[in-house]
Chemist: 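Can you read through this structure? Questions will come right after.
Order of the sequence lines sets the chain letters (A, B, ...), proteins ahead of strands, with each chain counted from 1.
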There are 2 protein chains.
Amino acid sequence: MKNRLKVLRAEHDWTQADLAEKLEVSRQTINAIEKGKYDPSLPLAFKIARLFAVNIESIFSDEA
Amino acid sequence: MKNRLKVLRAEHDWTQADLAEKLEVSRQTINAIEKGKYDPSLPLAFKIARLFAVNIESIFSDEA
DNA sequence: ACCTAAAGTAAAACACACTTTACATTAAGA
DNA sequence: TCTTAATGTAAAGTGTGTTTTACTTTAGGT
């Protein structure tokens, strides 16, 4: 799964730590997701989408 | 997280086993998700949404 | 060149997602 | 009522998601 987290974060001028705090997860979790180390859980994906006010499919995509 | 899997499955007249096969997961996984025992991974949520040709948010909702 | 914020990374620990096997319960048709 | 398909459930095992702690690397400002 690919994701646009880094771009969305840049658009808002947030650091990984900023985003982590808003999402109530650790900074390492954000880093790992951005680096494609693993995918977020579904609840976290929802939280991310809600924060950026977009739908999940516009952040995450099923491709390699 | 709530989900409409059971309803969607009923609309298509599929058993849990049918759906499991189409999604390439075990029947127990479908049962557990329907019963709210746990949420699917994000990749599985995508697969489910793709199968039913709807977006993730119309199947899963963030409520209690 | 130095300092600092931000990002990257890694290991250990814990919780959750998913599998297989196996058995119990429910529901509905004959 | 008997059978059988469908659903529910449980235990043990594996892999993934997330945390904490801690250290390294990168990049920008001065």
Chemist: Say whether, by atom type as modelled, one donor and one acceptor occur between the side chain of A/Asp39 and the main chain of A/Ile33 under 3.5 angstrom.
Modeler: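 Between the backbone of A/Ile33 and the side chain of A/Asp39 there is no qualifying donor-acceptor contact (under 3.5 Å).
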
Chemist: Does D/dT18 have its OP1 or OP2 closer than 4.0 Å to a side-chain nitrogen or oxygen of A/Thr29?
Modeler: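 Result: no.
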
Chemist: In residues 30-57 of chain B, which residues come under 4.0 Å of DNA chain D by heavy atom?
Modeler: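 Per residue number, the list reads B/Asn31, B/Lys35.
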
Chemist: Stepwise, does the side chain to side chain contact (heavy atoms under 4.5 Å, CB included) test hold for A/Phe52 with A/Leu19?
Modeler: CA-CA 10 Å; A/Phe52 289 115; A/Leu19 180 54; 4.0 Å; yes

Chemist: Under 4.5 Å between side-chain heavy atoms, hopping through other hydrophobics if needed: is there a path connecting B/Val54 to A/Val54?
Modeler: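 Cluster IDs for B/Val54 and A/Val54 match.
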
Chemist: Going 5' to 3' through nucleotides 25-30 of chain C, assign each nucleotide B (protein heavy atom under 4.0 Å from a base atom), S (under 4.0 Å only from sugar-phosphate atoms) or - (no protein heavy atom that close).
Modeler: ------

Chemist: Establish, from distance only, whether the side-chain atoms of B/Asn31 and B/Gln16 form a donor-acceptor pair under 3.5 Å.
Modeler: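 Yes, B/Gln16 and B/Asn31 have a side-chain donor paired with an acceptor closer than 3.5 Å.
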
Chemist: Write out a two-atom table: protein N or O, nucleotide N or O from nucleotides 26-28 of chain D, distance below 3.5 Å.
Modeler:
none

Chemist: Nearest 0.5 Å, please: how far is CG in B/Leu8 from CG in B/Leu51?
Modeler: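 Going from the CG atom of B/Leu51 to the CG atom of B/Leu8 covers 9.5 Å.
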
Chemist: Under a 4.5 Å cut-off applied to non-hydrogen side-chain atoms, are A/Tyr38 and A/Thr29 in contact?
Modeler: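 Side chain of A/Tyr38 against side chain of A/Thr29, heavy atoms only: contact under 4.5 Å found.
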
Chemist: Between B/Leu5 (CG) and D/dG8 (P), how many Å, whole number?
Modeler: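 Nearest whole value for this atom pair: 12 Å.
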
Chemist: So, do B/Pro43 and A/Met1 sit near enough that their side-chain heavy atoms are less than 4.5 Å apart?
Modeler: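 With C-beta onward as the side chain, the pair touches.
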
Chemist: Among residues two or more places apart or on two chains, list those pairs meeting salt bridge (charged side-chain N to carboxylate O under 4.0 Å, His left out) that have a residue in residues 22-35 of chain A.
Modeler: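 The answer is A/Arg9-A/Glu34, A/Glu24-A/Lys47.
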
Chemist: Find the distance B/Gln28:CD to D/dT14:P and express it as a whole number of Å.
Modeler: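 Rounded to whole Å, this separation is 18 Å.
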
Chemist: Look up atom CD1 in A/Ile30 and atom CD in A/Gln28, then write down how far apart they are to the nearest 0.5 Å.
Modeler: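 Rounded to the nearest 0.5 Å, the CD1-CD separation comes out at 10.0 Å.
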
Chemist: How many angstroms lie between atom CZ of A/Arg4 and atom OG of A/Ser61, to the nearest 0.5 angstrom?
Modeler: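 Result: 9.5 Å between the selected atoms.
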
Chemist: What is the distance, rounded to the nearest whole Å, between atom CE of A/Met1 and atom P of C/dA17?
Modeler: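 Interatomic distance, CE of A/Met1 to P of C/dA17: 15 Å.
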
Chemist: In residues 11-18 of chain A, which residues come under 4.0 Å of DNA chain C by heavy atom?
Modeler: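 Listed by number, they are A/Thr15, A/Gln16.
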
Chemist: Give me each pair satisfying salt bridge (charged side-chain N to carboxylate O under 4.0 Å, His left out) with a member in residues 10-21 of chain A, each pair once, sequence neighbours excluded.
Modeler: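 Listed by first then second residue: nothing to list.
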
Chemist: So, A/Glu57 side chain and B/Ile56 main chain: donor-acceptor pair closer than 3.5 Å or not?
Modeler: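 Yes.
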
Chemist: To the nearest 0.5 Å, what is the distance between NZ on A/Lys2 and CZ on A/Phe60?
Modeler: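 Those atoms lie 13.0 Å apart.
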
Chemist: When the distance from CZ of A/Arg27 to C1' of D/dT24 is rounded to whole Å, what number comes out?
Modeler: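 Spelled out: CZ on A/Arg27 to C1' on D/dT24 is 11 Å.
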
